[in-house]
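Right, one structure below, let's go through it.
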Protein chains: 2
Amino acid sequence: MTEDPKTLDQRDAARLFSFFTEIGIINQLSMALFAKSLPDGVHPSHFSILNHLVRTGDGITPIRIAGAMQVTKTTMTHSLKVLTERGFITTGPNPEDARGKLVYLTEAGRAFRDAAIQSVVGMFGHLLEPEHYKIMEELGSGLEVLRKFLDENRM
Amino acid sequence: MTEDPKTLDQRDAARLFSFFTEIGIINQLSMALFAKSLPDGVHPSHFSILNHLVRTGDGITPIRIAGAMQVTKTTMTHSLKVLTERGFITTGPNPEDARGKLVYLTEAGRAFRDAAIQSVVGMFGHLLEPEHYKIMEELGSGLEVLRKFLDENRM
DNA sequence: CTTATATGGTCCGACATCGAACCTAATTGG
DNA sequence: CCAATTAGGTTCGATGTCGGACCATATAAG
């Protein structure tokens, strides 16, 4: 019909659907498993925030965390409130911007993150077979290309 | 320390984390894009139910749909209520099981699904490049292995 | 047959997430 | 220097999802 290279033919459309379906199911199943390996009612998103603070260093703004986690600032406000109530983080004023805050890890937060990693690695480690790690490694670069592209083109 | 082949070394643990992180981000970004391409407040999960009914045929039970969509029956009850209110499905008694229901597509539901596909294909089609379809195709089989494994081992 | 258990579905409460509206402070234009 | 716009955060209401409790029917055990 058309020669526009960006027009989807039926095969492309089918690939698109099945690909994102697989991604969605894997995400859902792995997140459910992940959630079960976390202690009493700590959501994976909470763990991710703590993990991000450990890896990139704390003393950063909620907005930056929200950007890294791909969630809205509204969601981040809520998540940080939960983490504060659990004693895993503290917040203080931002000396460079009177509108903003800075987020800091507590010792409890750091310890919780370490324990959670042990728990998660234990659960997945007893489940996955060596071939699965091989697959994950093989898929890594392709996924990265797609992730970066989607990230750059989001609206 | 140990020779247990299922004990994760640091490289495996890192692969595990980065893999599921990529999956999570791709899922989130693509779902957000997907949601934006659907008309006025129809959630991707609602579309998926309609799509499933078209592809596998209607007149099936809510439980079967829930299994296929990987959600709980509680969630399915809610989703079907929304779809019924929008006039996209109807439900009737199950002649073979007095406890159960059967779900049927309406003409409006079928039309909505078709229109949504056009919209989604249009949005992604104008965004993705040929190389991305190639990548998706290459990743398909590996993702399928992981998905099936997670699906069989969920608890 | 009667009882125990499993299954289809709904209701309720909890929670993560989002968008819209809003406030405050920073930045930019004039 | 002042007005307009941008950016960091919070609050509010809505929605999707889940787990637990519950009801009704179907199936299995005795």
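Each chain gets a letter, A, B and so on, in the order the sequences are listed, and its residues count up from 1. The figures here come from the full heavy-atom set of this structure, side chains too, leaving out hydrogens, waters and symmetry mates.
- A search for side chain to side chain donor-acceptor pair (under 3.5 Å) contacts involving B/T75 returns B/T72, not counting sequence neighbours.
- One can place CZ of A/F47 at 21 Å from P of C/dC15, the figure rounded to the nearest angstrom.
- Atom CD1 in A/I49 sits roughly 11 Å away from atom C1' in C/dA16 (whole-Å rounding).
- For DNA chain D, the span of nucleotides reached by chain B at under 4.0 Å from its heavy atoms goes, 5' to 3', from D/dG16 to D/dA26.
- Under the rule for a side chain to side chain donor-acceptor pair (under 3.5 Å), the partners of A/E138 that lie at least two apart in sequence or sit in another chain are A/K134.
- Within the 4.0 angstrom heavy-atom criterion, only backbone atoms of the sugar-phosphate kind lie near B/Q28; the bases stay farther away.
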Can you list, pair by pair, the side-chain donor-acceptor contacts under 3.5 Å of residues 110-118 of chain B, counting residues two or more places apart and other chains?
from   : atom 1 : to    : atom 2 : distance (Å)
B/R113 : NE     : B/N51 : OD1    : 2.8
B/R113 : NH2    : B/N51 : OD1    : 2.9

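- Atom pair A/L38:CG and C/dA16:P shows a separation of 12 Å (rounding to whole Å applied).
- Side-chain atoms of A/S37 never come within 3.5 Å of backbone atoms of A/M123 as a donor-acceptor pair (strictly under, hydrogens ignored).
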Checklist entry - What string of B, S and - do you get for nucleotides 2-11 of chain C 5' to 3' if you count protein non-hydrogen atoms under 4.0 Å? => result ----BBBBBB
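- Residue B/H78 is in base contact, counting any heavy-atom pair closer than 4.0 Å across all strands shown.
- OP1 or OP2 of C/dT17 lies within a sub-4.0 Å distance of a side-chain N or O belonging to A/S45.
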List the atom pairs, with distances to 0.1 Å, where a side-chain N or O of residues 19-29 of chain B and a protein N or O form a donor-acceptor pair under 3.5 Å, not counting sequence neighbours.
from  : atom 1 : to     : atom 2 : distance (Å)
B/T21 : OG1    : B/F17  : O      : 2.6
B/E22 : OE1    : A/R147 : NE     : 2.7
B/E22 : OE2    : A/R147 : NH2    : 2.9
B/Q28 : NE2    : A/Q70  : O      : 2.4

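- When B/L80, B/T84, B/D58 are each tested for a side chain to side chain contact (heavy atoms under 4.5 Å, CB included) with B/V103, only one passes: B/L80.
- Contact of the A/K101 side chain with the A/N94 side chain is not registered, since no non-hydrogen atoms from C-beta on lie closer than 4.5 Å.
- A salt bridge links A/K148 with A/E144; the closest basic N to acidic carboxylate O contact falls under 4.0 Å.
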